[in-house]
Amino acid sequence: MSVLIKNGRIITADSDQTADIFISGETVQAIGKNLNVQSDKEIDATGLLIFPGGIDPHVHLDMPFMGTFSSDSYETGTRAALYGGTTMVLDFILQKQGNSLQDALQEWKSRSDNNCVGDYSFHMAVTDFNEETKKEIKHFIEEEGITSFKTFMAYKGALMIDDRQMIGLMEEVKKHGGLINVHATNGDMIDYLIAKHKEEGKLSPLYHYLSQPEITEAEASERFIDMASYTGCPGYIVHLTCEGALNAVRNATKRNQKIFVETCIQYLILDASLYERDFEGAKWVMSPPLREKKDQQTLWAGINQGLVQVVATDHCPFMWEQKLLGKNDFSKIPNGHPAIENRMELLFSEGVEKNKITLNKFVEVTSTNAAKIFGMFPKKGTIAVGSDADIVLFNPNEKHVLSASTHHMNVDYSGYEGWEVTGKVKTVLLRGKIAIDNNECKVEKGFGKFVKRNKVASIV
Ligand code: DUC
Ligand code: ZN
Ligand code: ZN
């Protein structure tokens, strides 16, 4: 099967040109003006923008968490991602404390194998670092193609590791060419504040927010950065939300230390005033919580300063009925919100359309940087001869309204209900195959491939 995309405006992280793209099989074969080639299918992209397929490096599909499972399966989640222009996701395997990493990989494969519609990979979350786990790191990097290791500085008793384990893991991961990603919040401080609020009878979603003040994130981020500096291990902070934490990253640059930073779309465009809506605030109960307007400004600036390289989602949807598990106690509300389908359109509409970021920056933070940081570039993350033909055709002028009644995520509410966006994903190709066309998905579950990743970049 070959496809010729004619006359689109092709945007990559560092170029902007109107040209044709010729695809044969799974990869791009040629890019140029007025390409004179025979193709099985021709697409006229006049007036459309063409982006590399989005990569969302932070999603949780079918994940056991807080006594339930996130509500998108690998099928529904990766399909919704495709509708929104995201052709690849990176999900998290969670080691069970006391068990091996390999056990966890097998468990996650049992839910994901042959079920993905779009491409995917995993980060391996190490929740129990010990002499046995240590022996598994090399195998994951060199044989499984899983080169990034997630750590939690919070969720004590289930996911959190202490600093002794963190240092040990960093040394091992560095030795074999991997990277550590971190949920950087101070778990002990948060647990103290949760208990205090509950004792005082403060049980609404607002107290989820008030139990995780900015200092809990700033402190843990700085501590993580110091440990990464000491060990020399490449580090990536997931879902960074606030000024205090970004200041720690900025300070590290003064000693020539590079820490990769991801924020998520919700932290750029939503703020903590949503927690004042009584129990409706549970829709946005996630960790870390939404922050203040001043933090949004810091994050947009951080993107343009090159301190924030990635905009992800931390997509972790729960049905309203699941959120109701915490009706009388905010600490029992499953943490997470749905956004896998909305990320690209929201960032285009709120970022590019409102002149906060350029088109090139949009591509960098939605696709290219994640591919580089996580060892997939240039197979993924760009439009170039030889790269996978993961391509999004995007109408920058089409307005539409986000709603749970039209989205494809398996969740019965939207965190963005009624939000009008400018710009719409029209057609999506995944490895040369038309995956989405005119609001219809053309590929089945099982089409999505597991992508083995290389050792990671230390500079982007
Ligand atoms: N935060 C969330 O909101 N959900 C899943 C895990 C996390 O760290
Ligand atoms: Zn997290
Ligand atoms: Zn997460």
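All figures in this text were calculated on a predicted structure; none of them were measured in a lab. Each ligand, and each atom within it, is numbered from 1 in the order the structure gives. Atom set for the values below is all heavy atoms of this structure, side chains included, hydrogens, waters and symmetry mates excluded.
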Exercise for the section: Evaluate ring pair (Phe, Tyr, Trp, His ring centres under 6.0 Å) for Phe362 paired with Phe51, printing each intermediate quantity in order. Expected result: CA-CA 9 Å; Phe362 172 83; Phe51 302 132; 4.8 Å; yes

Problem - Derivation and outcome, ring pair (Phe, Tyr, Trp, His ring centres under 6.0 Å), residues His123 and Phe374 - result: CA-CA 9 Å; His123 308 282; Phe374 293 112; 5.0 Å; yes

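Ion pairing between a basic and an acidic side chain is recognised when a charged N comes within 4.0 Å of a carboxylate O; Arg291 and Asp271 show no such pairing. In this structure, Glu172 does not pair ionically with Lys138, as no charged nitrogen and carboxylate oxygen lie closer than 4.0 Å. A salt bridge is defined here as a Lys NZ or Arg NE, NH1 or NH2 lying under 4.0 Å from an Asp or Glu carboxylate O, and Lys175 with Glu171 fails to meet this definition.
Contact atoms of ligand 1 toward His239: 8 (O) (distance under 4.0 Å to a heavy atom of the residue). Interface atoms of ligand 1 facing Asp314, defined by a heavy-atom separation under 4.0 Å, are 1 (N), 2 (C), 3 (O), 7 (C). Listed by atom number, the atoms of ligand 1 under 4.0 Å from His183 heavy atoms are 8 (O).
Aromatic rings of His197 and Tyr209 (six-membered ring for Trp) have centroids beyond the 6.0 Å cut-off, not under it. The aromatic ring centres of Phe92 and His58 sit less than 6.0 Å apart.
Of the protein's non-hydrogen atoms, the one nearest atom 4 (N) of ligand 1 is Asn335 O, 3.0 Å.
Among Phe152, Phe92, Phe65, Tyr155, the residue whose heavy atom lies closest to atom 7 (C) of ligand 1 is Tyr155. Of the candidates Pro317, Ser287, Pro334, Ser287 brings a heavy atom nearest to atom 3 (O) of ligand 1.
Not a single N/O/S atom of His183, whether from backbone or side chain, sits less than 2.8 Å from the Zn ion (ligand 3). At a threshold of 2.8 Å, the Zn ion (ligand 3) has a backbone or side-chain N, O or S atom of His58 nearer than that distance.
No part of His337 comes within 4.0 Å of ligand 1, judged by heavy-atom distances. Proximity of Met286 to ligand 1, defined as any heavy-atom pair under 4.0 Å, is shared by backbone and side chain alike.
Side chains of Tyr155 and Ile190 form no contact here, defined as non-hydrogen atoms less than 4.5 Å apart.
Taking the Zn ion (ligand 3) as reference, Asp314 places its N/O/S atom OD1 nearest.
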